[in-house]
Amino acid sequence: MIQMTLRQLRYFDALARHGHFGRAAESCSISQPALSMQIKEMEEVLGGVLLERSARQVTLTKFGEEIVQRVREILRSVDELGDFARAARDRLAGRLRIGMIPTIAPYLLPKVIENLARMHPELDIHVRETLTPKLIKEVVEGRLDTAIVALPVSEPSLTEVVCFSENFLLVRPGEDEGTPVPSHETLREMRLLLLEEGHCFRDQALSFCNMQSPPREVLDASSLSTLVQMVGAGIGVTLIPEMAVGVETRSASVSVARFKNPQPSRTIGMVWRKTSPLAAQLQQISEVVCLAADALREARKAKSPSRKSQA
């Protein structure tokens, strides 16, 4: 009698997530025919059809939707067995799957990795960069151990630990250097450039301006770098987090200014499952994140970047 294997369960989970045999096979590092054969064996063992197959994509049947939830529970439990083993060690070691949102990763990640590698050399770090909703889903499902995001996320199954806060700064064309800094009410009348929908930073910027949506139809961007370059081209103004200023403005003809108090800001922290056996270790890692943020802040002060005005 054919028995299901953990490998088959992981293949089925990947196929359910990607909705495509080719992409699922690539993510599992196997050939597409081999993946298809493993899924067929699963269907034979279970006695039901898991997928509706078409030329371009695959869709879960009702039976498949029920099975994938149970499969993910099994995989999460199996992963937690490994987590229990790691948690029993006196040191941080083994695989660490960590997620970060795009408005944090390029600026904070290098320092975090540097600190972790120095302080905990036996860690095998895997990084995932994507939007907050995807990160939260993957942490909840056990596909990530933790994520660094803007808080709060208000997910009951997750622990939230604050690491640091940072202000948002105004980026304007270079010729605006020294001119009065607009209030959040005035910003509502300006061409405010924003990240595309799905980025929490977009929502935070709109909230500061007391807007539900941008006042004008303008091109949204997928990165802070694009936003700053658009400002340098004279298309509008934007807000960026303070940690991004040094990286994103060094090659753009822009000026940077602080708002009057209370300044717009965000709180950054780590989240992980309340049931995670690695909770104590993740708490230690959150302290490493705090140290990395402090180091970046001190480096910015030491450089005293030019082209910055104060409201």
Side-chain angles (χ1 to χ4, degrees), residues 98-118 125 127-132 135 146-153 160-172 181 192-196 198-208 221-232 237-252 254-271 285-311:
I98 184 169
M100 285 192 191
I101 55 177
T103 56
I104 295 176
Y107 322 108
L108 185 64
L109 179 61
K111 197 65 180 178
V112 170
I113 297 298
E114 176 188 329
N115 287 351
L116 287 175
R118 184 183 71 255
I125 303 169
V127 178
R128 165 100 158 115
E129 179 186 341
T130 189
L131 302 181
T132 299
L135 291 178
T146 184
I148 299 176
V149 296
L151 300 180
V153 297
E160 299 184 13
V161 174
V162 172
C163 292
F164 62 95
S165 295
E166 66 169 345
N167 293 325
F168 301 160
L169 302 185
L170 176 67
V171 180
R172 302 181 288 179
V181 178
L192 180 63
L193 306 180
L194 299 168
L195 291 174
E196 61 190 359
H199 288 269
C200 59
F201 189 75
R202 172 192 177 94
D203 299 331
Q204 292 158 350
L206 288 173
S207 176
F208 172 65
S222 61
S223 71
L224 294 177
S225 179
T226 301
L227 286 179
V228 172
Q229 293 301 322
M230 290 164 64
V231 172
V237 301
T238 194
L239 277 64
I240 65 172
E242 191 164 4
M243 72 167 68
V245 170
V247 173
E248 302 301 352
T249 65
R250 61 190 175 192
S251 62
V254 297
S255 64
V256 181
R258 290 186 181 276
F259 292 96
K260 293 181 179 179
N261 292 324
Q263 298 182 51
S265 65
R266 66 178 179 178
T267 300
I268 303 301
M270 280 178 55
V271 297
I285 290 171
S286 73
E287 295 169 5
V288 174
V289 173
C290 293
L291 289 174
D294 289 343
L296 288 178
R297 189 177 298 111
E298 291 304 315
R300 288 196 300 270
K301 289 180 180 178
K303 289 181 180 179
S304 299
S306 58
R307 296 182 301 172
K308 181 178 294 186
S309 57
Q310 177 77 37

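FYI, side chains are in, hydrogens and waters are out, and symmetry mates aren't considered; it's all heavy atoms of this structure.
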**Q** Can you list the steps and then say if Ile285 with Thr146 is a side-chain contact (heavy atoms from CB on, under 4.5 Å)?
**A** CA-CA 10 Å; Ile285 290 171; Thr146 184; 5.6 Å; no

**Q** How long is the span from the CG atom in Leu291 to the CD atom in Glu114, to the nearest 0.5 Å?
**A**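 The CD atom of Glu114 is 11.5 Å from CG of Leu291, to the nearest 0.5 Å.
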
**Q** Would you indicate whether the side-chain heavy atoms of Glu160 and Val153 approach each other to under 4.5 Å?
**A**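 Of all side-chain heavy-atom pairs linking Glu160 with Val153, at least one is under 4.5 Å.
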
**Q** Hey, does Ile101 have a side-chain heavy atom less than 4.5 Å from the side chain of Leu131?
**A**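 No - every pair of side-chain heavy atoms lies 4.5 Å or more apart.
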
**Q** Would you check if the side chain of Thr249 reaches a backbone N or O of Val245 as a donor-acceptor pair within less than 3.5 Å?
**A** yes

**Q** Would Arg258 and Glu242 pass as an ion pair if we require N to O under 4.0 Å?
**A**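 Salt bridge present between Arg258 and Glu242.
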
**Q** Could you tell me the separation between the CD atom of Gln229 and the CG atom of Leu227, rounded to the nearest 0.5 Å?
**A** 10.5 Å

**Q** Are Arg172 and Val181 packed together at the side-chain level, in the sense that at least one heavy-atom pair is separated by less than 4.5 angstrom?
**A**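 Result yes, sub-4.5 Å side-chain heavy-atom pair found.
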
**Q** Would a distance-only check, ignoring hydrogens and angles, find a side-chain to backbone donor-acceptor pair under 3.5 Å from Thr267 to Leu151?
**A**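 It does not hold such a pair.
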
**Q** Got a second to check how far Ile148's CD1 is from Met270's CE, nearest 0.5 Å?
**A**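 Rounded to the nearest 0.5 Å, the CD1-CE separation comes out at 6.0 Å.
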
**Q** For Ala150 versus Gln204, what's the shortest heavy-atom pair and its separation?
**A**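 For Ala150 and Gln204, the tightest heavy-atom pair comes out as CB-NE2, 3.4 Å.
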
**Q** Minimum heavy-atom separation for Ala295 and Lys111, please, with both atom names.
**A**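 That would be CB-CE, 3.7 Å.
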
**Q** Mind checking whether Val127 and Ile125 have side chains closer than 4.5 Å, heavy atoms only?
**A** yes

**Q** Assess whether ring-ring contact (aromatic ring centres under 6.0 Å, His included) is satisfied between Phe259 and Phe168, documenting all intermediate values.
**A** CA-CA 8 Å; Phe259 292 96; Phe168 301 160; 8.9 Å; no

**Q** Please report the shortest heavy-atom distance between Pro102 and Tyr107, naming the atom on each side.
**A** O-CE1, 4.4 Å

**Q** Quick one: closest heavy-atom pair of Arg202 and Leu194, and the distance?
**A** NH1-CB, 3.9 Å

**Q** How many angstroms lie between atom CE of Met243 and atom CG of Leu108, to the nearest 0.5 angstrom?
**A** 5.0 Å

**Q** Regarding Thr103 and Arg266, do their side chains bring together a donor and an acceptor under 3.5 Å, going by distance alone?
**A**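 Arg266 and Thr103 do have a side-chain donor-acceptor pair below 3.5 Å.
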
**Q** CD1 of Ile104 to SG of Cys163: how many Å apart, nearest 0.5 Å?
**A** 9.0 Å

**Q** Just verifying a value: how many Å separate Asp203 CG and Leu195 CG, rounded to the nearest 0.5 Å?
**A** 10.0 Å

**Q** How far apart are the closest heavy atoms of Leu239 and Phe201, and which atoms are they?
**A**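 Answer, listing the atom of Leu239 first, then Phe201: O-CE2, 3.1 Å.
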
**Q** Quick check: closest heavy atoms across Val288 and Asn115, and the distance to 0.1 Å?
**A** CG1-CB, 3.5 Å

**Q** Report yes if some heavy atom in the side chain of Leu193 is under 4.5 Å from a heavy atom in the side chain of Val231; otherwise report no.
**A** yes

